[in-house]
Trainee: 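My structure is below; once you've seen it, I'll send some questions.
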Amino acid sequence: MADRIAKEFQDGWIVNLGIGIPTLCSNYKDPKKTIIYQSENGLIGYGGIYPKGQEDLYIVNAGGQYVSLIPGAAIVHHADSFGLIRSGRLDATVMGSYEVAENGDFANWKTMGRKGGGIGGAMDLAVGAKRVFMALQHTTKEGEPRLRKRCTLPVTAVGVVKLVVTDLGFFEVTDRGFLMREIAPGYEPEEVQEMTEAKLTISPKLKMIEV
């Protein structure tokens with residue numbers, strides 16, 4: 001999933017990666033592109049996640065994973081990091097989510113019955129980045145759909161999601177809802193629809209996901 005969403009990044013983009021599956025995007029390699037990854041904790045210009053034993057204990061991404069730095073990287077104050085986010089300089093952010101709705105709403109900070117919960121920097125990223133991408137499992141552990149007609153959980157931001165990748169497919173959020181552009185190997189569109197609450201539109205150019 002991380003590799004597939006990372007293929008959407010364009011040369012020269014500044015991209016923020018959220019905790020979980022999104023952090024794995026920085027491991028994606030394309031020699032034709034230079035992607036500048038930004039992390040809320042103040043890293044600007046980091047690379048892949050270091051294997052155990054090679055890490056620098058002082059260099060971590062938002063998920064606390066040890067990462068490398070690319071030439072020209074900067075480490076800045078937390079306030080400056082959020083200044084970059086809120087000033088609209090991010091080309092894209094990739095986040096995980098509990099639910100995404102067909103109108104581009106998403107919910108990623110509080111589940112049903114859970115006390116408290118922290119929204120963190122998600123709202124800043126959702127409104128500050130030029131593009132919001134999502135990477136998540138298609139269903140919950142109980143089999144409940146995460147791609148919905150409307151979010152049932154408290155919403156983080158309204159109408160901002162552009163692309164969604166799950167373990168079952170790659171979807172674009174359009175004015176008519178979810179457009180399934182690619183499908184995971186071993187599945188048929190009807191099976192994906194059965195595991196999706198929202199009505200899917202199947203692209204006439206539907207193809208298998210390649211990574």
Side-chain angles (χ1 to χ4, degrees), residues 1-10 13 15-26 28 35 63 90-111 119-123 125-211:
M1 287 187 275
D3 282 357
R4 178 59 192 89
I5 204 78
K7 289 176 69 175
E8 297 298 307
F9 304 160
Q10 301 300 307
W13 274 16
V15 178
N16 174 282
L17 302 175
I19 297 172
I21 296 169
T23 59
L24 301 177
C25 292
S26 70
Y28 176 75
I35 309 300
L90 290 182
D91 292 288
T93 181
V94 184
M95 286 188 271
S97 184
Y98 297 131
E99 294 178 340
V100 182
E102 62 183 8
N103 64 349
D105 298 355
F106 76 98
N108 77 341
W109 68 281
K110 186 177 179 66
T111 57
I119 205 163
M123 285 196 299
L125 290 161
V127 300
K130 297 171 185 172
R131 303 166 186 83
V132 177
F133 301 159
M134 289 287 154
L136 63 154
Q137 296 292 328
H138 202 88
T139 63
T140 67
K141 293 179 181 177
E142 294 76 29
E144 293 296 318
R146 295 185 186 275
L147 271 57
R148 292 187 171 274
K149 295 178 181 177
R150 293 291 181 271
C151 289
T152 64
L153 299 172
V155 169
T156 306
V158 175
V160 295
V161 179
K162 302 300 182 188
L163 295 173
V164 181
V165 63
T166 76
D167 49 322
L168 300 186
F170 186 73
F171 309 85
E172 180 181 356
V173 179
T174 73
D175 293 340
R176 297 183 177 182
F178 291 112
L179 171 66
M180 186 163 67
R181 290 171 33 183
E182 299 177 21
I183 189 168
Y187 289 92
E188 296 294 331
E190 295 77 11
E191 295 176 280
V192 180
Q193 179 62 78
E194 289 176 359
M195 291 183 274
T196 308
E197 181 191 69
K199 174 66 176 177
L200 297 177
T201 300
I202 311 302
S203 171
K205 298 180 180 178
L206 182 69
K207 62 180 183 179
M208 203 78 75
I209 287 182
E210 295 180 0
V211 294

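From a predicted model like this one, the values you see are computed outputs, not experimental measurements. What you see below is based on every heavy atom in this structure, not just the backbone, and it leaves out hydrogens, waters and symmetry mates.
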Trainee: Identify, with sequence neighbours excluded, every residue that meets side-chain hydrogen bond (donor to acceptor under 3.5 Å, both in side chains) alongside Ser26.
Mentor: none
Trainee: Is the shortest side-chain N to carboxylate O distance from Glu102 to Arg150 below 4.0 Å?
Mentor: yes
Trainee: Where do Thr23 and Ile19 come nearest, in terms of heavy atoms and distance?
Mentor: CG2-CA, 3.9 Å
Trainee: Could you grab the distance from atom CG of Leu17 to atom CZ of Phe9, nearest 0.5 Å is fine?
Mentor: 5.5 Å
Trainee: Can you name the closest pair of heavy atoms from Thr196 and Val192 and give their distance?
Mentor: OG1-O, 2.6 Å
Trainee: To the nearest 0.5 angstrom, please state how far the CG atom of Asp3 sits from the CD atom of Glu210.
Mentor: 13.0 Å
Trainee: How far does CD1 of Ile21 sit from CD1 of Ile5, to the nearest 0.5 angstrom?
Mentor: 10.5 Å
Trainee: Could you list the residues that satisfy side chain to side chain contact (heavy atoms under 4.5 Å, CB included) with Gln10, not counting sequence neighbours?
Mentor: Trp13
Trainee: At what distance, to the nearest 0.5 angstrom, does CE of Met1 lie from SG of Cys25?
Mentor: 10.0 Å
Trainee: Between Cys151 and Val155, which heavy-atom pair has the shortest distance, and what is it?
Mentor: CB-CG2, 3.9 Å
Trainee: Distance from Thr139 atom OG1 to Arg146 atom CZ, nearest 0.5 Å?
Mentor: 7.0 Å
Trainee: According to salt bridge (Lys or Arg N to Asp or Glu O under 4.0 Å), who are the partners of Asp91, at least two apart in sequence or on a separate chain?
Mentor: Lys130
Trainee: Can you check side-chain contact (heavy atoms from CB on, under 4.5 Å) on Glu197 and Glu144, steps first, answer last?
Mentor: CA-CA 9 Å; Glu197 181 191 69; Glu144 293 296 318; over 6 Å; no
Trainee: Side chains of residues 93-100: which donor-acceptor pairs under 3.5 Å do they make with residues two or more places apart or in other chains?
Mentor:
| unit_1 | atom_1 | unit_2 | atom_2 | d |
| --- | --- | --- | --- | --- |
| Thr93 | OG1 | Asn16 | OD1 | 3.3 |
| Ser97 | OG | Glu99 | N | 3.3 |
| Ser97 | OG | Glu99 | O | 2.7 |
| Ser97 | OG | Ala107 | O | 2.9 |
| Tyr98 | OH | Arg114 | NH1 | 3.4 |
| Glu99 | OE1 | Thr152 | N | 2.7 |
| Glu99 | OE1 | Thr152 | OG1 | 3.3 |
| Glu99 | OE1 | Leu153 | N | 3.1 |
| Glu99 | OE2 | Arg148 | NE | 2.9 |
| Glu99 | OE2 | Thr152 | OG1 | 2.6 |

Trainee: Scan the side chains in residues 175-187 for donor-acceptor partners under 3.5 Å anywhere in the protein, sequence neighbours excluded, and list what turns up.
Mentor:
| unit_1 | atom_1 | unit_2 | atom_2 | d |
| --- | --- | --- | --- | --- |
| Glu182 | OE1 | Arg4 | NE | 2.9 |
| Glu182 | OE2 | Arg4 | NE | 3.4 |
| Glu182 | OE2 | Arg4 | NH2 | 2.7 |

Trainee: List the atom pairs, donor and acceptor, that lie under 3.5 Å between side-chain atoms in residues 157-172 and the rest of the protein, sequence neighbours left out.
Mentor:
| unit_1 | atom_1 | unit_2 | atom_2 | d |
| --- | --- | --- | --- | --- |
| Thr166 | OG1 | His138 | ND1 | 2.9 |
| Thr166 | OG1 | Leu168 | N | 2.9 |
| Thr166 | OG1 | Gly169 | N | 3.3 |
| Asp167 | OD1 | His138 | N | 2.7 |

Trainee: Decide yes or no for Thr174 and Thr201: does some side-chain heavy atom of the first lie under 4.5 Å from some side-chain heavy atom of the second?
Mentor: no
